[in-house]
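Report on one structure; see the data block that follows.
Bear in mind the structure is a predicted one, so any value in this text is a computation, not a measurement. Counting starts at 1 for both ligands and their atoms, following the listed order. We're numbering straight along the sequence, starting at 1.
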Amino acid sequence: MTVPTHIAIIMDGNGRWATRQGQPRFKGHAQGYRNLRNILKAASDMGVKYLTVYAFSSENFKRPKAEVDFLMSLFAEAAAAELDSLKKENVKVVASGRIDELPAKVRKMFIRDIEETSTNTGIVFNIAVNYGGRNEIVDAARKLAEKAAKGEIKPEDIDEAALSGCMYHPEIPDPDLVIRTSGEIRVSNFLLWEIAYSEFYITDILWPDFNEDELKKAVAAFGGRKRRFGKVSDDE
Ligand code: FPP
């Protein structure tokens with residue numbers, strides 16, 4: 001089985017999962033978190049080296065305050081509760097997004113997990129939080145503009161590699177496979193720069209129900225794809 005080096009997931013459908021069971025939306029997020037815990041372990045066991053998850057987009061701050069507050073508390077509590085097992089499982093935590101704009105309690109907990117797992121050598125778990133793909137490109141452009149303003153680079157030095165080098169985690173290879181649950185066929189401002197040649201897998205399964213078997217199905221589908229990166233395959 002060809003296992004993708006980097007899988008990125010848009011974990012959609014928590015709200016619908018809860019509504020279908022006659023429960024408030026936050027129950028879906030709580031179940032989504034439990035599921036994420038299982039999928040991180042399953043991905044690591046399969047040999048995936050990087051797992052990026054879309055936990056909270058910059059646009060999600062426009063949701064009702066009660067839902068935003070619930071998600072922020074969930075992130076802070078999960079980051080605190082999982083630290084020991086993340087260490088034990090050799091997971092290296094990183095985050096992508098405008099982390100400095102998060103509520104202090106969330107920011108502190110994420111930073112603690114990032115620092116305390118920084119020397120781990122297992123799967124890299126990249127949490128996209130207060131993340132927007134366009135914001136990431138804007139932030140990278142600003143970094144390059146600052147260097148240019150200081151005279152460290154010239155405009156003609158700016159190429160794809162220079163811009164890639166200013167993304168939130170330039171050391172992480174681009175995703176091989178992007179999974180989106182709950183059936184929507186859109187990118188929703190996720191990793192716009194990095195998904196140029198990623199394969200997509202869309203499933204109607206809602207995120208809380210996307211279990212290890214579903215992950216294996218997605219990986220099997222990926223294994224059947226011919227990746228050409230804009231070229232012609234050798235056998236065509
Ligand atoms: C999208 O479903 C899901 C989110 C906006 C939140 C994702 C968060 C988790 C799965 C918890 C992860 C926890 C940690 C610690 C990273 P939706 O609310 O848009 O669902 P809907 O489309 O059915 O309304």
Minimum heavy-atom separation for Ala218 and Leu177, please, with both atom names. O-CD2, 4.0 Å
What orientation do Tyr168 and Tyr131 show, parallel under 30°, tilted 30 to 60°, or perpendicular over 60°? perpendicular
Say whether Ser188 and Arg180, considering side chains only, have a donor N or O and an acceptor N or O under 3.5 Å apart. yes
Gly13 to ligand 1, any heavy atom closer than 4.0 Å: yes
Considering the heavy atoms of Ala55, write down every atom of ligand 1 situated less than 4.0 Å from one of them. 6 (C), 7 (C), 8 (C), 16 (C)
Are there over 12 heavy-atom neighbours, none belonging to Arg227, within less than 6.0 Å of that residue's CZ? yes
Can you name the atoms of ligand 1, numbered from 1 with element, that are less than 4.0 Å from a heavy atom of Arg63? 5 (C), 17 (P), 18 (O), 19 (O)
Under the side chain to side chain donor-acceptor pair (under 3.5 Å) test, which residues partner Thr119, sequence neighbours left out? none
Whether the side chain of Asp113 engages the backbone of Leu83 through a donor-acceptor N/O pair (distance < 3.5 Å, no angle test) should be reported. no
Examine Trp207 against ligand 1 and note whether any of their N/O atoms are separated by less than 3.5 Å. no
Taking N or O atoms only and a 3.5 Å limit, does Gly32 qualify as a polar contact for ligand 1? no
Can you pull out the closest protein heavy atom to atom 22 (O) of ligand 1? Residue, atom name and distance to 0.1 Å, please. Arg16 NH2, 2.8 Å
Nearest-neighbour protein heavy atom for atom 12 (C) of ligand 1, which is reported as residue plus atom name and distance: Leu36 CD2, 3.9 Å
So for Asn14 against ligand 1, with non-hydrogen atoms under 4.0 Å, the contacting part is both
Atom 1 (C) of ligand 1 has as its nearest protein heavy atom Met11 O, 3.2 Å
Which ligand 1 atoms does Asn60 reach within 4.0 Å, using its non-hydrogen atoms? 5 (C)
Going by the 4.0 angstrom heavy-atom rule, the piece of Asn35 near ligand 1 is neither
Any heavy atom of Arg25 sitting closer than 4.0 Å to ligand 1? yes
Considering Ala76, Ala78, Gly28, which one's heavy-atom position lies nearest to atom 15 (C) of ligand 1? Ala78
Counting only heavy atoms not in Glu160 (residues, nucleotides, ligands), do more than 12 fall under 6.0 Å from its CD? no
Without swapping roles, check the side chain of Lys143 against the backbone of Cys166 for a donor-acceptor pair under 3.5 Å. yes
Tell me which pairs pass side chain to side chain donor-acceptor pair (under 3.5 Å) where either residue lies in residues 25-41, with sequence neighbours left out. Asn14-His29, Arg25-Glu67, His29-Glu67, Gln31-Arg34, Tyr33-Glu82, Arg37-Glu82, Arg37-Ser85, Arg37-Glu89, Lys41-Asp45
contact_flag Phe56 ligand 1 heavy-atom lt 4.0 Å: no
